[in-house]
Amino acid sequence: MPTPASGVARLIAFPRRLLGLGELPAAVSGDNLLGETANRRAPAFRPSILRKHCMSAITTQVVNDILLVGFTDSKILDSQRIEQVGRELQESVPQAVHKKMLLNFRGVSFMSSAMITKLVMLNKSCKAQGVSLKFCEVSPNVMEVFKITKLNKLFDIQEGEEKAMASFDKKGWFG
């Protein structure tokens, strides 16, 4: 028959499995819920892990029929975060119901090459769905990466948000 202490350990382990955090460490028992051992102390549960992965990587809002997308991180370097940003960007494309999407890079000072790949994939998805994609407020560091990779020729990069939003309404030479 299980002791009350082992029941407590099971109650703690159950939500951890649901959250994808795995089982409790072997050192954790109903008597020892903090994960303490004779040699070291390791907390059994770290809420910071949850906050890091649950916080949205982008913000979206519709302004003048344009889906305006911003980033919540100033440095997009961590591979898990890059995957999240890429996934959220792809999921936001259908939200551009007026076929206009503007990525505002305000505050983004660094991003890894893996993030550049996500932007190229986003550009491809936008083209496939007929969504016009533009970037604005790209920092000098990020712009340098775009220039080195010649992606400044692929992406429509505008200086400021207001100018970028106005550029959606401009027609080309013949239109």
Chemist: Quick one about K75 and S109 (side-chain donor to acceptor, distance below 3.5 Å, no hydrogens or angles considered), yes or no?
Modeler: no

Chemist: Specify the closest pair of heavy atoms between V145 and T149, including all atoms of both residues, with the distance to one decimal.
Modeler: O-OG1, 2.8 Å

Chemist: Should L77 and M111 count as side-chain neighbours, where that means a heavy-atom distance under 4.5 Å?
Modeler: no

Chemist: Among L119, I58, V108, L68, exactly one meets side-chain contact (heavy atoms from CB on, under 4.5 Å) together with L103. Which residue is that?
Modeler: L119

Chemist: Could you check whether any side-chain N or O of N64 sits under 3.5 Å from a backbone N or O of I66, counting only pairs where one atom can act as donor and the other as acceptor?
Modeler: no

Chemist: Quick one, N123 and K127 - any side-chain contact, counting heavy atoms below 4.5 Å?
Modeler: yes

Chemist: Please report the closest heavy-atom contact between S56 and E88, naming both atoms and the distance.
Modeler: OG-OE1, 3.0 Å

Chemist: Just to verify, what does K147 make a side-chain contact (heavy atoms from CB on, under 4.5 Å) with, not counting sequence neighbours?
Modeler: M143, N152

Chemist: Quick one: are F146 and I116 in side-chain contact, heavy atoms under 4.5 Å?
Modeler: yes

Chemist: So how far is it from L89 CG to C126 SG, rounded to the nearest 0.5 Å?
Modeler: 9.0 Å

Chemist: N141: what forms a side-chain contact (heavy atoms from CB on, under 4.5 Å) with it, not counting sequence neighbours?
Modeler: F110, S139

Chemist: Think K134 forms a cation-pi with F155, using NZ or CZ under 6.0 Å from the six-ring centre and within 45 degrees of its axis?
Modeler: no

Chemist: Partners of Q129 by side-chain contact (heavy atoms from CB on, under 4.5 Å), sequence neighbours excluded?
Modeler: V93, P94, V131

Chemist: Do L151 and M121 sit in one hydrophobic cluster, given that two such residues count as connected whenever their side-chain heavy atoms are within less than 4.5 Å of each other, even indirectly?
Modeler: no

Chemist: Heavy atoms, side chains only, cut-off 4.5 Å: are L133 and K124 in contact?
Modeler: no

Chemist: Quick one: do the Q84 and R81 side chains pair a donor with an acceptor below 3.5 Å?
Modeler: yes

Chemist: What is the minimum heavy-atom distance between G160 and C136, and which atoms define it?
Modeler: O-CB, 3.8 Å

Chemist: In this structure, would V62 and L102 fall into the same cluster of hydrophobic residues linked by side-chain contacts under 4.5 Å?
Modeler: no

Chemist: State which residues pass ring-ring contact (aromatic ring centres under 6.0 Å, His included) with F71; sequence neighbours excluded, sorted by chain then number.
Modeler: F105

Chemist: Between the main-chain N or O of M101 and the side-chain N or O of S132, is there a donor-acceptor pair closer than 3.5 Å?
Modeler: no

Chemist: Please collect all salt bridge (charged side-chain N to carboxylate O under 4.0 Å, His left out) contacts where either partner lies in residues 103-112, sequence neighbours excluded, each pair once.
Modeler: R106-E137, R106-E161

Chemist: Do K100 and D169 come within less than 4.5 Å of each other through their side chains, counting heavy atoms only?
Modeler: yes

Chemist: Check whether any side-chain heavy atom of V69 sits under 4.5 Å from a side-chain heavy atom of N104, and report yes or no.
Modeler: no

Chemist: Mind checking what makes side-chain contact (heavy atoms from CB on, under 4.5 Å) contact with Q95, not counting sequence neighbours?
Modeler: T60, L67, S92

Chemist: Spell out, as yes or no, whether a donor-acceptor pair under 3.5 Å connects the side chain of S74 to the backbone of G107.
Modeler: no

Chemist: Passes side-chain contact (heavy atoms from CB on, under 4.5 Å), L122 versus K118? Steps please.
Modeler: CA-CA 6 Å; L122 175 68; K118 298 296 181 190; over 6 Å; no

